[in-house]
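Written out below as structure tokens is the structure these notes cover.
When a ligand or atom number is given, it counts from 1 through the structure's own listing order.
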Amino acid sequence: MSARKIVLDCDPGHDDAIAIMLACASPEIELLGVTTVAGNVTLEHTTRNALRVLDLLGRADIPVAAGRDGPLIRKLSTAAVMHGESGLAGPLAFEPSRSQSHLTALQLIEEVLRQAGEPITLVATGPLTNIADVVRQLPEAHHLIAEIVIMGGAVELGNWTPAAEFNIWVDPDAAKIVFEAGIPLTMIGLEVTHQAWLSDAHADHLRGTGRAGQYVAELLDHFVKFHQDRFGWPGAPIHDAVTIAHLIDPTLVSTMAMNVQIETTSPLCIGRTVADRWSVTGLPPTAKVGLTIDRDRFVTLLLSAISHLA
Ligand code: BDR
Ligand code: CA
């Protein structure tokens with residue numbers, strides 16, 4: 001089977017960085033471009049972090065294009081408290097070897113869509129601001145998108161507010177546009193990603209396996225400690241890497257088609273993904289929603305991929 005061609009739109013971020021690495025490590029995936037968005041930290045930082053991670057992997061051939069520096073309507077709120085001011089707290093920061101593309105994220109995605117010769121999967125692991133631009137500004141290119149796979153949302157509880165998950169909460173207006181676009185959409189939310197955690201023991205396993213393994217171990221040193229201190233969990237969810245794992249092995253995550261709508265105004269519930277798990281509305285499905293994950297196989301896949309990188 002030929003590799004699945006993707007563009008990864010992200011806001012690195014510890015788990016975004018690991019998602020980039022998993023995509024680069026996997027023959028099932030061909031990463032045609034990385035686009036960045038403001039989210040976990042500012043756009044300047046997320047873009048530099050994407051360049052850094054690709055440098056580390058020796059993949060300066062993969063274009064990186066910067067997109068939106070804030071949500072469509074709301075003011076940007078970051079998750080620097082979790083990821084550090086730089087977005088990648090833990091390992092020593094180094095200067096990227098190159099600058100980002102002269103294209104914007106929207107222009108790079110358009111170029112990839114038009115030149116790929118086959119429909120492309122857009123994977124989004126940050127706020128959906130850039131993807132909303134694609135939906136609104138490239139209507140004639142929708143048929144060139146095979147699917148949009150996002151990390152975001154939750155059927156049940158949120159993580160940034162009791163009602164909402166961070167990526168959707170940061171830019172609910174963009175999420176609404178994406179969920180209403182009519183393009184095939186898969187939502188990997190917190191029900192799935194909270195199962196997909198790595199611990200200190202996994203960090204130690206990766207330490208010394210190679211440059212990428214060492215880097216991920218140092219990312220985990222920070223990320224695991226944050227989740228232990230803040231939530232009392234045994235490890236840190238590697239949310240964003242689940243999108244890529246799902247594309248590599250579609251049997252890892254179980255999904256169910258359901259109607260999902262985005263709350264954009266309620267002060268208490270803004271950013272909530274209102275998912276009709278029991279079809280009580282009778283409304284047609286708008287997304288395939290992840291419900292469970294085979295955690296052991298996910299961890300094995302991820303550790304093996306990272307430890308075999310440079
Ligand atoms: C999401 O929020 C970000 O902090 C992570 O990178 C992930 O994409 C989880 O809610
Ligand atoms: Ca992210």
Within the distance-only criterion (no hydrogens, no angle test), does the side chain of [X] pair as donor or acceptor with the backbone N or O of [Y] below 3.5 angstrom?
{"X": "D11", "Y": "N40", "result": "yes"}
{"X": "H222", "Y": "P91", "result": "no"}
{"X": "H308", "Y": "S304", "result": "yes"}
{"X": "H227", "Y": "F223", "result": "yes"}

### Query
Pick from N49, T47, N130: which one makes a side chain to side chain donor-acceptor pair (under 3.5 Å) with T36?
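That would be T47; it is the only one of N49, T47, N130 passing the side chain to side chain donor-acceptor pair (under 3.5 Å) with T36.
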Between the protein and ligand 1, are there any N or O atom pairs that come within less than 3.5 Å of each other, and if so, what are their names and distances?
unit_1   : atom_1 : unit_2 : atom_2 : d
ligand 1 : 4 (O)  : N40    : OD1    : 2.6
ligand 1 : 4 (O)  : H83    : NE2    : 3.0
ligand 1 : 6 (O)  : D15    : OD1    : 2.6
ligand 1 : 6 (O)  : D15    : OD2    : 3.2
ligand 1 : 6 (O)  : D16    : OD1    : 3.1
ligand 1 : 6 (O)  : N40    : ND2    : 3.0
ligand 1 : 6 (O)  : D240   : OD2    : 3.1
ligand 1 : 8 (O)  : T125   : O      : 3.0
ligand 1 : 8 (O)  : N167   : ND2    : 3.0
ligand 1 : 8 (O)  : D240   : OD1    : 2.6
ligand 1 : 8 (O)  : D240   : OD2    : 3.1
ligand 1 : 10 (O) : N159   : ND2    : 2.9
ligand 1 : 10 (O) : E165   : OE2    : 2.4

### Task
Please work out the angle at the Ca ion (ligand 2) defined by atom O of T125 on one side and atom OD2 of D240 on the other, rounded to 10°.
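The two atoms form an angle at the metal of about 90°.
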### Query
Between OD1 of D11 and OD1 of D16, what angle is found at the Ca ion (ligand 2), rounded to 10 degrees?
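That angle works out to 80° after rounding to 10°.
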### Task
State whether the number of non-hydrogen atoms from other residues, nucleotides or ligands found under 6.0 Å of E85 atom CD is greater than 12.
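Not more than 12 within 6.0 Å, no.
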### Message
Distance check below 3.0 Å: does M151 bring an N, O or S atom to the Ca ion (ligand 2)?
### Response
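False for M151.
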### Message
Nearest 0.5 Å, please: how far is CZ in R48 from OG in S99?
### Response
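Between atom OG of S99 and atom CZ of R48 there are 9.0 Å.
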